[in-house]
S.K.: 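Below are the structure tokens for one structure; questions will follow.
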Amino acid sequence: MTPRPVPPRAAERVLAACIADPEWRDAIAGDLREEFAGLNRTRGPREARRWYWRQALAIAGHAVGARLRRGRRPERAWIAPPEQEHRQRWGAGMLKDLGHAARTLLRRPATSAVIVLTLAVALATNSTSVALLDAIVVRPFRFPGVDRVVMVVSSDPQQGLLDRESVSAADFAEWRRETRTLQHLSAAQWWDANLSAIDQPEQVAGHKVTAGFFEALGADPILGRTFTREEEVPGAHRRVVLGHALWTRLFAGDPGIIGRTVRVDGEPFDVVGIAPPGFAIPLGNQIWAPIAYTPDEWADRRGRYLITVARLQDDATLADARAELGAIAERQRREYPDTNAKLPNAVVTFTDGMQDAGAGAFLSLMTGASLLLLVIASANIANLLLARGTERTQEFALRLALGGGRTRLVRQLLLEAGLLAGLATFVAMPLAMAGIGLTRASIPPAIVRFIPGWEYLRLSPELFAVTALLAAAAMALFALVPALQTVRPEIADTLRTGARTTTAGRSRHWLRATLSVAQVAISLALLSASGLMLASVDRAMNGALGFDRDNLLVARVVLPDGPYEQAERRRQFISGVLDRLRSIPAVNDAAMVSNIPYGGNNSSRPFRPEGEVLRESDVRNVDYRRVTPEYATTLRIPLLAGRALTSADRLDSPAVAHVSRSLADRYWPGSDPLGRQFRLAADGPPITVVGVVGDVLHDWFQQRRAPTVYRPLAQDAPYSHHYVARVVGSPLALAGDLRRAVQAMDADLPVIGLQSMEELMEERTTGLNTIAGMLTVVAGMAFGLAMMGLYSLMAFLVSRRTQELGVRMALGATAWQVVRLATGQGLKITAVGIACGALAAIGLGRVMESVLFGIVASSVWQVAGLAGLVAIVALVASYLPARRTASLDPTVALRRE
Amino acid sequence: MKTTYLGEFEYAVLLAVLQIESAYAVPVRALIEVRTGRSVARGALYTALERLEAKGLLRSRMGDPTDDRGGKPRRYFTVTPAGLRAIKATHGAFAKLTQGLETLLERP
């Protein structure tokens, strides 16, 4: 007998794929085969095959066309599978499924509660960090038209820090004259206003501004007026606009204040206006006065300390403004090569420009960590659902065998997940509120002032929407994957073997293991990141500061430049205060320094060592301090070489200085710095090094000790300066004495930031502390969740193998062998997870190092230590279930379901 | 009871199924082609059979698988009482319309 002719397989497949109904599929294929056999005999195999292709495609086309026309599959009349009962009424089926989903969830209340709580905690964490990010980074300012307000800066935002106080008066004046794309281009200059209107003088955050400042920001005064161009000249400038908060606090909201006079910096200023409520730009500002420059000052291109704000002209875009200002800056570079040759120029939005440089990075880190927590939570839940899905494989197989549609099953699973996600969203909201409340409470009001947008930190409808969106995304992650996995298995196989004896499908195993590996890896990376943050906080607070922070009282005084223009008057004032301080018995030492460590401000000078010819671009700035001779002893900064500064270093004696050890190491490595000379200005006098002192950490974000020059007060007297007093007992007990000492010298001068050094440091590191704390909480939760996930996975895997292990034990396997066998999988998962996690942690550490400006220093040892911790916990998590199984009687194990 | 009238092709298919003992798609198609002289697309035939079955005018049963069909069974069709009523109704309608036209229509 000749072999039966076979029609083209591919054509048969195409045909089969297009016909949904299996009986029709068979009948049609059979018919075609029958005719194909006949054609094969009469017209030859070639012709027959060609014919078969034509027919198969034609029939397939018909079938697909018919199905499309009807919009659903062909129905079989004599079997009415359950899914078809409600075909016509989709909504009714939906309701029924929803009920079914709810019943399914209620049947396992513990698992469902764990899932809802896990997800809710992760969602709440995300909501909190998203709320922070939104309030502080994305939309810190919400006045009308804020997106059309821009800042022009002479710094390069691409180069890390955006320096908004970077514009010179002359550049600004030229821009203001020439710009066609900006309106109300105005400038502002930092002003520590000493307001002595009422009983006690106080320092108020102030800025001197040009005309147009309020207009650019769209702020109409609620009383009076703003400033005019005519007031930008000395003489006409003694006007102030008061902030609404200041006005209500000091003058009880008295409208009669307009036209009255207040004393600021010892001079009378007329109050001309009151700013609208809530307006405190920039940075909690509460008093504004006109910038009053002489023509010489307006022509200055060297002093670059102005902030600029402007509003885009109605027909101009940000790109237009960038092009125009870019062209002007380019011309200025050619015209003024001395000062502007390398000066960058950028137009940035107001929101970007006012951004605290670190905040974005910190909060992005925080948000990233929260998202990772959500991923871990989702993976955990996916594992739980997968485990449950395995138990339900038979249920699903049965439903499929009875004609239930796969789409219906997937819908069912999605509905269950949707219910869980919805519940979790509602549980997450109060948690998020608590989280936001805690965050708000963790930052003291003194700092909040410097965080634009803090007042917007709250739970909003948008945030709720974001949370719901995240929940939906998480749901897609944790529900869809197991759902597809569950519905995939071949019905017959599943029904035949039963889910009990096999250890579920290979692919599902693989999926669960991958999820667990990811959890271990992510939690290790997060732990390491929070460890880095904690280490930096610890270093900032307790690290080698270079000075002794205990029992120090600090305070700041700013001498106004009018009455204290003469350096001699400033010296007299400072010496007078210090004499009074030292006469207090509880004060051991007292000194003055221009910029105290952790004081939040700094000053620097270009450093030119004598005997070296440096190009202008190679000159580096070093930190610059003016001190009284007792400064080093008061702070207990060690004198490493040379002599102390003394009262013999006078204005008419040779210019001398102390330098820090890091400065000596940088400029005179390996040689004696004593007697060396340097200049702090190209045309300045040579200054001789008479001593080397220990390095001091000036601020918490400093990793390396900044090279520093200390100059005696007698040779350079500052306006703004700090007093430090080393006292016996509690520093704050002497606060009143310090205040009196200052006021005895000048009753108009307020004492600013009177507190202990410890308080000052804590205040300065609050932000870092808060973020580190939050990150630690997140990482801790991630770790807990990951370990929970690993434990439940191990328990599940071992329970699936109970029978097999029972057989082994019955055949003589020892308990130890059983434990080893059962933990093997956990070990593999942990090992892979730790390997991936360690790589991620090291990578994350590097990223943090570069993004956070060297605040953190990543350490391989720390990662190794944490990996060890994770390994131990993971081992315990996999050992416990294995141990339990091994301790079972083999006969019991064999019978275990 | 609602009377079903048939489209031309459905009418032809139902008649062919009536004509053939144990009718399935292959002979049904062959019969229509031979008697009407018009070629019939297989896809159209299957769609029509399925549709007629869904309307309750045809009933089908699966036969036994045979070797010459690659192990696939035949799907046999029989006309249901409803199908027969539809055929009669359609035939009657045409018959009434052709009354008095016999000489014209039957002239060669």
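Computed from a prediction, not measured in an experiment: that's the story for all the values here.
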S.K.: For residues A:Asp26 and B:Pro73, report the shortest heavy-atom separation together with the two atoms involved.
M.R.: CB-CD, 4.0 Å

S.K.: Is any side-chain heavy atom of A:Trp24 less than 4.5 Å from a side-chain heavy atom of B:Glu50?
M.R.: yes

S.K.: Could you grab the distance from atom CZ of B:Arg69 to atom CD of A:Glu35, nearest 0.5 Å is fine?
M.R.: 9.5 Å

S.K.: Kindly check if the number of other-residue, nucleotide or ligand heavy atoms within 6.0 Å of CZ (B:Arg59) is above 12?
M.R.: no

S.K.: Taking all non-hydrogen atoms of both residues, which atom of B:Ala41 and which atom of A:His62 are closest, and how far apart?
M.R.: CB-NE2, 4.3 Å

S.K.: What option among A:Leu32, A:Asp31, A:Ile19 has the most heavy-atom pairs under 4.5 Å with chain B?
M.R.: A:Asp31

S.K.: Considering only heavy atoms, which portion of B:Ala44 lies under 4.5 Å from any heavy atom of chain A: side chain, backbone, both, or neither?
M.R.: both

S.K.: Out of curiosity, B:Met62 CE to A:Glu23 CD, how far, rounded to the nearest 0.5 Å?
M.R.: 5.0 Å

S.K.: For A:Arg54, does the CZ atom sit with more than 12 other heavy atoms under 6.0 Å from it, leaving out its own atoms?
M.R.: yes

S.K.: Using non-hydrogen atoms only, which part of A:Glu34 is less than 4.5 Å away from chain B: side chain, backbone, both, or neither?
M.R.: both

